[in-house]
**Student:** 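Can you read through this structure? Questions will come right after.
All of these numbers come straight from a predicted model, not from anything done at the bench. Numbers for residues simply follow the sequence, beginning at 1.
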Amino acid sequence: MTAPACVVGLGYVGLPLAAALVSAGQPVVGYDVDARRAEALNGGRSGIEDVSDAELGGLLAKGLRVTSVLEDVAEATTYVICVPTPLRDGMPDLTAVEGASRAVAEVLAAGDMVILESTTYPGTTEEVVLPLLIAGSGLTAEDFHLAYSPERIDPGNPTYGIKNTPKVVGGMTPSAAKAAVAFYEQVCDRVVTVHSPREAEMAKLLENTFRHVNIALVNEMAVFCRQLDIDLFDVIDAAATKPFGFMPFYPGPGVGGHCIPVDPSYLSWRVKKLGFSFRFVELAQEINDQMPTYTVSRLADLLNDAGIALSRSRVLCLGAAYKPGISDCRESPAVEVMHKLRHKGATVLYPDSFVPELRLETEILRSQELTPELLQLVDAVVLLTPHKDIDLETVTSHAKLVLDTRAAVTERSASVHRL
Ligand code: SAJ
């Protein structure tokens, strides 16, 4: 009988990993500090879009159990830590990682393996996790394997999942790397070993900093291209015809989610501790952070051209989630734009079939049904998150004015304007 693996933290990273492992025949016991989360999962309620309730039911039938009682995971021999690493006051917050490491240390036994997946700054595995595991278990570093492997879950991605996304692994020792590779080869088609946990930690930060900086580049260009009367989306599509040496990124109303706006700050914080400033990240953050404001000012200009004051306008914001196809509103630029519009006195309505309701300060807004009547009622429509279920034809045929921040509308029209 294969000893179970324990996935610590059953969120958008841990649950898909647990699902892949169970489906591959690896018994899994999930550990989550939130007893209600454990109860919901054992009751077949996933709460994660990438794992349906039906799929969860199948996993439970195959023996998956989730617990918030530490002793229940003592028999595991591999512990994979998949807990959040947010920012607090602009600085890395490793509270969850430290808590998970202390918990695992209590049940860690000689010969076990611990793998950290949470995105974090280089050195965390060796300088934060390892000491906590040793202190809490009474073991030495030689008694167990420790590795880092960055999560590469892309919520809502229909093409790439755990199986076909290469997995990067860095072990504290060659034997730790070997054990981690064998573990992930159960569920990943390709596992890539790097020199140590530091290179693996840095690989993830490079991936997301690369996106962050390149999105900022086109965001900054969007502002001056507008002044030059140049359609930057057109320019990017033209540049993207070059089959080598270019990768398209597109401007937008801002950068949301819990990866791109957050991960690069983990790196810039660590670099600052060395006495350097990571200027690319700081500049990119500054540019991306001002895009919601730019979006509102662009709308104000368009309304003004139509003789309407923003402060007395009714604005329909299409899409609230931070990207299409998901319900996650964390750091969503669309929500930021709605906040700013309301602060300017505009009346804000929003349809988003993925987000039934939204708290904006003290008010709860409910998602509206996107109808021709609603489109005709408002002074402007801002297309922020183009979910596939938004009928753009209906929007462009009934709306007086559309600010399309994502160039989702391809047909040129006098009433449709781009960022
Ligand atoms: N965005 C732009 N312009 C772009 C691309 C994105 O404004 O050209 C905005 C999006 O609208 C969104 C934010 O940036 O608000 C983040 O979008 P994202 O496509 O990067 O999606 P995320 O945040 O889900 O990022 C995840 C990351 N995956 C992991 O960290 C494991 C990232 O590494 C992936 O590259 C990304 O998915 C992906 O490729 O979809």
**Student:** Between V7 and C82, does the side chain to side chain contact (heavy atoms under 4.5 Å, CB included) criterion hold? Intermediate values first, please.
**Tutor:** CA-CA 7 Å; V7 175; C82 305; 4.2 Å; yes
**Student:** Working note: V337 + V296, criterion side chain to side chain contact (heavy atoms under 4.5 Å, CB included); need CA distance, chi angles, decisive distance, verdict.
**Tutor:** CA-CA 7 Å; V337 167; V296 171; 4.2 Å; yes
**Student:** Only one of N42, D32, D72 passes side-chain hydrogen bond (donor to acceptor under 3.5 Å, both in side chains) with T67; say which it is.
**Tutor:**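 Answer to the side-chain hydrogen bond (donor to acceptor under 3.5 Å, both in side chains) test with T67 among N42, D32, D72: D72.
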**Student:** We want to know whether S327 and E49 form a side-chain donor-acceptor pair, criterion being a heavy-atom distance below 3.5 angstrom.
**Tutor:**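 Indeed, the side chains of S327 and E49 share at least one donor-acceptor pair under 3.5 Å.
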**Student:** Nearest 0.5 Å, what's the OG1-CD distance between T396 and E411?
**Tutor:**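 Output value for this atom pair is 8.5 Å.
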**Student:** Exactly one of D391, L349, L375 should register a side chain to side chain contact (heavy atoms under 4.5 Å, CB included) with L370. Which one does?
**Tutor:**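 Going through the options one by one, the only one that passes is L375.
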**Student:** Does the R406 side chain pair with the main chain of L384, one donor and one acceptor, at a distance under 3.5 Å?
**Tutor:**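 Looks like yes, one N/O pair under 3.5 Å.
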**Student:** Can you name the one residue among R37, E39, R45 that meets side chain to side chain contact (heavy atoms under 4.5 Å, CB included) with L41?
**Tutor:**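 The passing option is R37.
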**Student:** Could you check whether K204 pairs with E151 (Lys NZ or Arg NE/NH1/NH2 to Asp/Glu carboxylate O, under 4.0 Å)?
**Tutor:**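 A salt bridge links K204 with E151.
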**Student:** Taking E336 first and then K340, would you say they form a salt bridge - that is, a charged N and a carboxylate O separated by under 4.0 Å?
**Tutor:**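 Yes, E336 and K340 are salt-bridged.
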**Student:** Show me the pairs that pass salt bridge (Lys or Arg N to Asp or Glu O under 4.0 Å) and involve residues 91-107, at least two apart or across chains.
**Tutor:**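 Qualifying pairs: R88-D93.
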**Student:** Donor-acceptor pair, distance only, cut-off 3.5 Å: does the side chain of S46 make one with the backbone of V51?
**Tutor:**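 Yes, because the side chain of S46 sits within donor-acceptor range (under 3.5 Å) of the backbone of V51.
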**Student:** Please determine if D231 and R412 form a salt bridge, counting it only when a charged side-chain N lies under 4.0 Å from a carboxylate O.
**Tutor:**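 Counted as a salt bridge, because a side-chain N and a carboxylate O are separated by less than 4.0 Å.
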**Student:** Less than 4.0 Å between a side-chain N and a carboxylate O, is that true for R198 and E127?
**Tutor:**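 Yes.
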**Student:** Applying ring pair (Phe, Tyr, Trp, His ring centres under 6.0 Å), which residue pairs with at least one partner in residues 15-55 are found, sequence neighbours left out?
**Tutor:**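 Listed by first then second residue: nothing to list.
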**Student:** Would you say Q186's side chain and F183's backbone share a donor-acceptor pair under 3.5 angstrom?
**Tutor:**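 Checked: pair present.
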**Student:** For the backbone of L403 and the side chain of H417, can you confirm whether one donor and one acceptor N or O come within less than 3.5 Å of each other?
**Tutor:**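 Flag not set: sc H417 to bb L403 has no pair under 3.5 Å.
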**Student:** Backbone N or O of V83 within a donor-acceptor pair of the S118 side chain at under 3.5 Å?
**Tutor:**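 Yes; judged by distance alone, with no hydrogens or angles, the pair exists.
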**Student:** So which atom in A19 and which in E55 form the shortest heavy-atom distance, rounded to 0.1 Å?
**Tutor:**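 Nearest heavy atoms, A19 then E55: CB-OE2, 4.0 Å.
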**Student:** Would the distance check show the side chain of D263 and the main-chain N or O of L205 forming a donor-acceptor pair, the cut-off being under 3.5 Å?
**Tutor:**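 Side chain of D263 to backbone of L205: no pair is present.
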**Student:** Could you walk me through whether E201 and R270 pass salt bridge (charged side-chain N to carboxylate O under 4.0 Å, His left out), step by step?
**Tutor:** CA-CA 12 Å; E201 290 159 337; R270 184 65 188 86; over 6 Å; no
**Student:** Please tell me whether S413 and S415 have a donor and an acceptor in their side chains that are separated by less than 3.5 angstrom.
**Tutor:**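 Result is yes, a qualifying pair exists.
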**Student:** Measuring from Y184:OH to T78:OG1, what's the distance to the nearest 0.5 Å?
**Tutor:**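 Atom-to-atom, Y184:OH and T78:OG1 are 9.5 Å apart.
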**Student:** Looking at N219 and G252, would you say the former's side chain and the latter's main chain have a donor-acceptor pair under 3.5 Å?
**Tutor:**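 Here the side-chain-to-backbone pair exists.
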**Student:** Angle between ring planes, Y250 versus F233, binned at 30° and 60°: parallel, tilted or perpendicular?
**Tutor:**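 Ring orientation of Y250 relative to F233: parallel.
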**Student:** Please check: side-chain N/O of Y350 versus main-chain N/O of A334, any donor-acceptor pairing under 3.5 Å?
**Tutor:**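 Side chain of Y350 to backbone of A334: no pair is present.
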